[in-house]
Amino acid sequence: MNGTRATPATPAGPSAPDAAMAQGQPQPPAAAPSLAKASGSMAIATIVSRVSGLASKALLTVALGFATVNDSYQVATTLPTMINELLLGGVLTSIVVPMLVRAEKEDADGGESYTQWMLTMSTVLLAVGTVVAIACAPLLTHLFLGGDTKANPALTTAFAYLVLPGIIFYGLTGLLSAILNTKHVFGLPTWAPVLNNVVVIITLGVYMLLPGTISIDPVRMGEPKLLILGVGTALGVAVQAVVMIPAIKRTGFRFRWRWGWDSRLSEFGSLAFWVLLYVGLGLASMVVLLNVAGHGTNGTITIYNYAWLLLQLPYGVLGYSLLTALMPKMSRAAASGDTEGLVADLSLGNRMSSVLLMPLAGLMTLAGPAIAIAAFSFGHATVEDAERLGVALSLAAFGLVPYAITLLQLRVFYALKDSRTPAIIQGIMVVARIALCYFFLAIARPDQLAVGVMLAMSLSFVVGSIVGQIWLRVRLGRLRTFYTIWTVCLTIVATVVACVVAKFVGDGAVSLLGAAGARPQAWIRLIVESVLVLVLSFGAMAMFRLPELRPATDKILRLIRRG
């Protein structure tokens with residue numbers, strides 16, 4: 001529902017890194033102008049995609065609330081993204097893209113026959129996987145929900161039958177995007193998830209116009225509202241894939257079925273093993289997370305999914321852009337053996353992640369309940385349920401910066417052509433995550449389990465960032481760690497001061513305006529606290545003279561002088 005990337009759809013951990021970067025190979029010179037031209041569109045598309053995805057989630061709570069139906073829908077719609085990631089997604093990002101680039105350079109036909117073969121093999125693999133997954137839908141439901149769950153297994157299975165055909169479209173979307181990227185077409189693959197979200201929003205509008213409700217006991221597969229919601233969700237994924245076909249044709253590529261085996265793929269067997277292990281570990285932790293969340297009260301699975309989506313939102317807009325900008329530099333440094341340059345880029349990335357994301361993490365910590373009530377307390381969703389979501393977001397927001405740092409560290413290993421270490425670090429994080437999930441299951445009340453699984457996620461990324469830093473220290477030598485820690489400490493101080501001031505001013509604004517009701521108060525707090533936290537925290541960091549903010553502060557000063 002949020003596009004082809006696994007990060008939002010599969011909250012088990014970071015996706016396997018982009019392989020062109022992972023291979024440490026610089027992009028072909030011809031790609032640079034296209035990428036520069038498309039960068040503005042990509043940035044706007046990313047924001048629109050995130051906002052439209054958030055809007056679809058908000059509308060979903062209006063239609064379904066935080067209850068059994070939404071829990072069952074959340075689990076079912078997670079299945080196709082996870083199965084696609086296991087079938088093709090992880091291997092696609094780490095193997096297929098560099099192979100397409102290599103074939104384009106080496107083959108007499110510019111890689112067209114190889115691309116035809118790749119599409120043929122991938123389509124067959126995805127089709128077989130889709131058929132098997134649909135046949136095994138009840139088993140998948142039992143695996144992800146367990147025997148003791150507040151979600152409805154029969155309803156989850158019914159939704160699964162309707163949305164699992166999306167597996168083939170998720171896979172084709174990723175593959176067609178990769179083909180377009182190798183041909184220097186970047187805009188459409190970034191905008192395609194927006195169309196997915198639009199279809200889902202229209203589907204939810206039709207759903208709410210239809211009379212009646214979805215029956216839980218018994219579950220009736222032919223019920224119109226169930227069919228509209230399930231088929232509409234799968235249709236959104238299909239549109240996301242189909243919209244790329246005309247763009248593929250405009251590049252001059254012509255598809256035909258091509259069978260056989262390409263010997264070049266054998267060279268990537270070792271890399272594929274570690275990437276699949278990486279993905280498999282993430283899926284295993286997701287199974288445990290959903291099983292534990294299923295022991296909570298109604299809505300716990302939905303609250304966890306939404307809290308994770310909100311926590312990832314700042315990274316998707318800011319952190320991913322930073323990573324995209326740094327990866328070519330790190331890949332070139334690694335390819336040329338420039339360890340000092342690689343360490344400098346890693347240190348800069350860690351510090352910039354803290355500077356950009358720490359104020360937003362502080363804002364979510366302070367205003368988590370206000371964010372959730374303002375956006376998710378309408379229709380069938382109650383204020384109390386939204387407040388539970390807000391509390392889960394507040395208590396787990398500290399994991400945002402470690403999450404970004406962990407992803408950056410893993411990209412460094414891939415830039416060094418090391419796919420084994422990220423899988424091992426993923427394994428360490430998954431062990432920590434699973435242990436924490438069962439710990440919270442043992443000590444927490446059912447209505448607190450959404451907070452528990454979110455804390456398990458955030459703490460696992462704290463573990464991952466520490467392990468990754470130590471491992472890179474052994475691998476690369478000194479990493480300017482104390483410089484990074486000093487910057488992180490300054491961003492924390494600036495954010496805490498801003499949050500304290502914003503808390504008092506927010507309380508005063510609510511009292512002064514005399515707003516009655518949870519929703520008006522939430523909007524007042526959200527507006528006042530957002531402005532103050534962001535302005536004061538970045539202002540304090542500028543006063544601390546953090547060099548990461550120098551380009552922005554210099555530009556502001558130049559504008560002031562001109563004025």
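Residue Met543 qualifies as open at atom CE: its count of foreign heavy atoms under 6.0 Å is 12 or below.
Pairing each heavy atom of Asp71 with each of Thr297, the nearest pair is OD2-O, 4.4 Å. Residues Ala374 and Leu526 come closest through the heavy atom pair CB-CD2, 4.0 Å. Residues Gly53 and Ser56 share a closest heavy-atom pair of O-OG, 2.6 Å. The two residues Val401 and Ser353 have their closest heavy-atom pair at CG2-O, 4.3 Å.
Rounded to the nearest 0.5 angstrom, Ile301 CD1 and His295 NE2 are separated by 10.5 Å. Atoms CD1 and CD1, from Ile167 and Ile83 in turn, are 4.0 Å apart once rounded to the nearest 0.5 Å. The CG atom of Leu281 sits 12.5 Å away from the CD1 atom of Ile425 when rounded to the nearest 0.5 Å. Annotation: the span from Thr382 atom OG1 to Glu387 atom CD amounts to 9.5 Å, rounded to 0.5 Å. Once rounded to the nearest 0.5 Å, the distance linking CE of Met358 with CG of Leu363 reads 13.5 Å. Taken to the nearest 0.5 Å, the CG atom of Leu227 stands 12.5 Å off from the NZ atom of Lys225.
Put simply, the side chain of Gln409 does not reach to within 4.5 Å of the side chain of Trp471, judged on heavy atoms. Using a 4.5 Å cut-off on side-chain heavy atoms (C-beta onward), Ser458 and Leu311 make contact. No side-chain heavy atom of Glu85 sits under 4.5 Å from any side-chain heavy atom of Tyr170. When side chains are defined from C-beta on, Val451 does not count as touching Phe440, because their heavy atoms never get closer than 4.5 Å. Considering only heavy atoms from C-beta on, Gln469 comes within 4.5 Å of Asn350 through its side chain. Side-chain contact between Leu229 and Leu204 is present, with heavy atoms from C-beta onward closer than 4.5 Å. In this structure, the side chains of Leu64 and Tyr207 come closer than 4.5 Å at one or more pairs of heavy atoms. Residues Tyr306 and Gln74 form a side-chain contact, since some pair of their non-hydrogen atoms from C-beta on lies under 4.5 Å apart.
Among the candidates Thr233, Thr302, Thr78, Thr68, the single residue satisfying the side chain to side chain donor-acceptor pair (under 3.5 Å) test with Tyr73 is Thr233.
Side-chain contact annotation: Thr156 with Thr141, donor-acceptor N/O pair under 3.5 Å absent. A side-chain donor-acceptor contact under 3.5 Å links Ser285 and Arg433. Judged by distance alone, the side chains of Ser530 and Arg525 never bring a donor and an acceptor atom under 3.5 Å apart. For the residue pair Ser465 / Thr406, no side-chain donor-acceptor distance below 3.5 Å is found, with atom types taken as modelled.
Between Phe461 and Trp308, the angle of the ring planes stays under 30°, which puts this pair in the parallel group of the 30/60° scheme.
Geometric assessment of Arg351 against the ring of Tyr483 yields a positive cation-pi assignment under the 6.0 Å and 45° thresholds.
Two rings, from Phe544 and Trp486, have their centers 6.0 Å or more apart.
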